[in-house]
Colleague: 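Once you've had a glance at the structure underneath, I'll fire off some questions.
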Amino acid sequence: MTAVQQQDIIDYALRLGDDSLVLGHRVSEWTSNGPFLEEDIALSNVALDFIGRARMFYTYAADLMGEGKTEDDLAYLRDERQYQNFLINELPRGDFAFTIVRQLFVDVFNSHFLPLLCQSKDETLAAIAAKSEKETRYHLRRSRDWTIRLGDGTEESKQRMLNALDELWGYTPEMFEPDALEQRLAEAGIGVDTASIKDAWLRDVSAILNQATLPVPDAEWAIRGGRTGYHTEHLSHLLSVMQSVHRAYPGCQW
Amino acid sequence: MQQIPTITPEKRAKQARRHNSSCPELWDLLDEVKDPEIPVLSLWDIGILKDIEKSESGVCVTITPTYSGCPAMDEIKEDIVAQLNQHGYEQVQVKTVLSPSWTTDDMTDEGQDALRAYGIAPPKDAPQGCIKKQTPMANVKCPHCGSTNTVRISEFGSTSCKSLFKCNDCHEPFDFFKNI
């Protein structure tokens with residue numbers, strides 16, 4: 001591995017870790033607030049899977065960085081502009097419909113992204129992907145079932161799903177716009193060319209929305225910036241909550 | 001027709017590592033370390049324990065996590081170190097590997113039986129013919145009464161590795177250890 005490539009892999013592992021941690025934190029906000037017990041447990045489990053993923057990506061990035069860095073330094077001691085997660089992951093959890101639609105979009109994305117990352121020439125990235133892919137399969141089964149149940153449900157549940165689609169659709173293009181770093185890594189057989197999975201994503205999401213009797217939005221607005229460190233106003237609030245204990249008591253252990 | 005049980009190449013390799021190990025006593029010692037959330041399962045039974053190496057510089061234990069976010073992993077590491085320390089091995093390192101990723105196939109047959117006796121339906125009690133690596137919707141054998149007239153309540157149970165079922169005959173709810 002050349003030095004240049006190693007820095008790329010560190011950056012890549014970090015942004016994949018950021019995607020997982022930020023979404024995991026958002027989903028964990030449902031813990032003890034779920035609409036009923038089974039769903040409370042399901043959301044907490046999904047949150048744990050994402051936070052576990054983040055730990056694996058951060059641990060790998062920290063190992064490559066050396067200098068005694070740990071996963072905790074990367075999760076707790078970086079600021080908003082250093083985070084490079086997709087914006088869709090940091091939006092407040094909203095109502096249950098909003099959370100379900102976001103999970104649907106992310107789970108379908110992961111169901112195409114992770115199998116490709118499994119083929120990475122980087123063994124660690126491939127191993128993390130192989131582990132996560134299995135979990136994504138049942139995350140997706142659940143977000144699909146809920147989308148259909150709520151979309152084809154009551155007048156209110158349908159309206160809430162329509163609202164969520166309307167609010168979230170413009171955050172999805174960002175997922176399929178690889179920047180220079182991602183293109184370099186895709187060409188080297190290490191990263192995934194996310195532009196190549198856009199059609200499959202749209203096909204799957206459309207099929208599920210059809211089944212849910214929900215329209216596929218045709219909104220033309222798109223918001224992007226997460227991969228360059230430009231975020232919505234929500235990320236810094238999230239970080240201030242998530243990092244407060246570690247920043248007040250540096251190095252604390254449970 | 002009786003089915004001939006088959007095991008995966010990874011599981012076979014792992015069994016060979018234990019069988020041919022130069023330090024069998026350490027494997028036996030670690031059989032005493034149980035999953036903190038399912039105390040009838042040893043680390044070996046659940047398939048977390050991959051390898052043990054003893055050298056002059058100490059003992060190195062290799063494990064693999066079940067689920068990415070399993071909160072028991074940290075405790076398991078501490079328990080391994082404590083167990084070996086107690087038996088005079090002072091230098092203990094616990095290494096985590098991710099590949100090949102853990103699957104329910106890595107569990108031992110004895111472990112699956114112990115799970116059932118403990119009240120958790122093991123993966124092998126899923127109905128025949130159900131799609132491999134998917135949690136069935138129904139007909140998992142009830143660990144309490146043995147009926148297969150059961151139905152899934154939720155794919156997500158009290159821990160990442162379990163899903164929740166109920167039995168229509170004895171009316172008891174029960175956990176099923178998810179097939180992944």
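For clarity, every value in this text was computed on a predicted model and none was experimentally measured. Per chain, numbering begins at 1; letters A, B, ... match sequence-line order.
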Colleague: Assess whether atom CD of B:Q91 is packed by more than 12 heavy atoms of other residues, nucleotides or ligands within 6.0 Å.
Modeller: no
Colleague: With a 4.5 angstrom heavy-atom cut-off, could you sort out which part of B:T96 is near chain A: side chain, backbone, both or neither?
Modeller: neither
Colleague: Within a radius of less than 6.0 Å around CZ of A:R142, do more than 12 heavy atoms belonging to other residues, nucleotides or ligands occur?
Modeller: yes
Colleague: Step by step, would you call B:Q134 with A:R141 a side chain to side chain contact (heavy atoms under 4.5 Å, CB included)?
Modeller: CA-CA 10 Å; B:Q134 271 202 20; A:R141 282 204 292 280; 3.3 Å; yes
Colleague: Counting heavy atoms not belonging to A:F36, are there more than 12 under 6.0 Å from its CZ?
Modeller: yes
Colleague: Check this for me: A:K69, atom NZ, are more than 12 non-hydrogen atoms of other residues, nucleotides or ligands nearer than 6.0 Å?
Modeller: no
Colleague: So which atom in A:A127 and which in B:S99 form the shortest heavy-atom distance, rounded to 0.1 Å?
Modeller: CB-CB, 3.6 Å
Colleague: Just by distance, do the side chain of A:N45 and the backbone of B:S160 share a donor-acceptor pair under 3.5 Å?
Modeller: yes
Colleague: At a heavy-atom separation under 4.5 Å, does B:T135 approach chain A through its side chain, its backbone, both, or neither?
Modeller: both
Colleague: Below 30° counts as parallel, above 60° as perpendicular, anything between as tilted: where do the rings of A:Y138 and B:F156 land?
Modeller: perpendicular
Colleague: Counting neighbours of CZ on A:R102 that are heavy atoms of other residues, nucleotides or ligands and sit closer than 6.0 Å, is the number greater than 12?
Modeller: yes
Colleague: Quick one: what part of B:P65 sits under 4.5 Å from any heavy atom of chain A, side chain, backbone, both or neither?
Modeller: both
Colleague: Among A:E135, A:K134, A:K131, find the residue that satisfies the side-chain contact (heavy atoms from CB on, under 4.5 Å) test when tested with B:Y67.
Modeller: A:E135
Colleague: Which distance, rounded to the nearest 0.5 Å, do you find between the CG of A:L48 and the OG of B:S68?
Modeller: 9.5 Å
Colleague: Considering only heavy atoms from C-beta outward, does the side chain of B:S154 approach that of A:I41 to under 4.5 Å?
Modeller: no
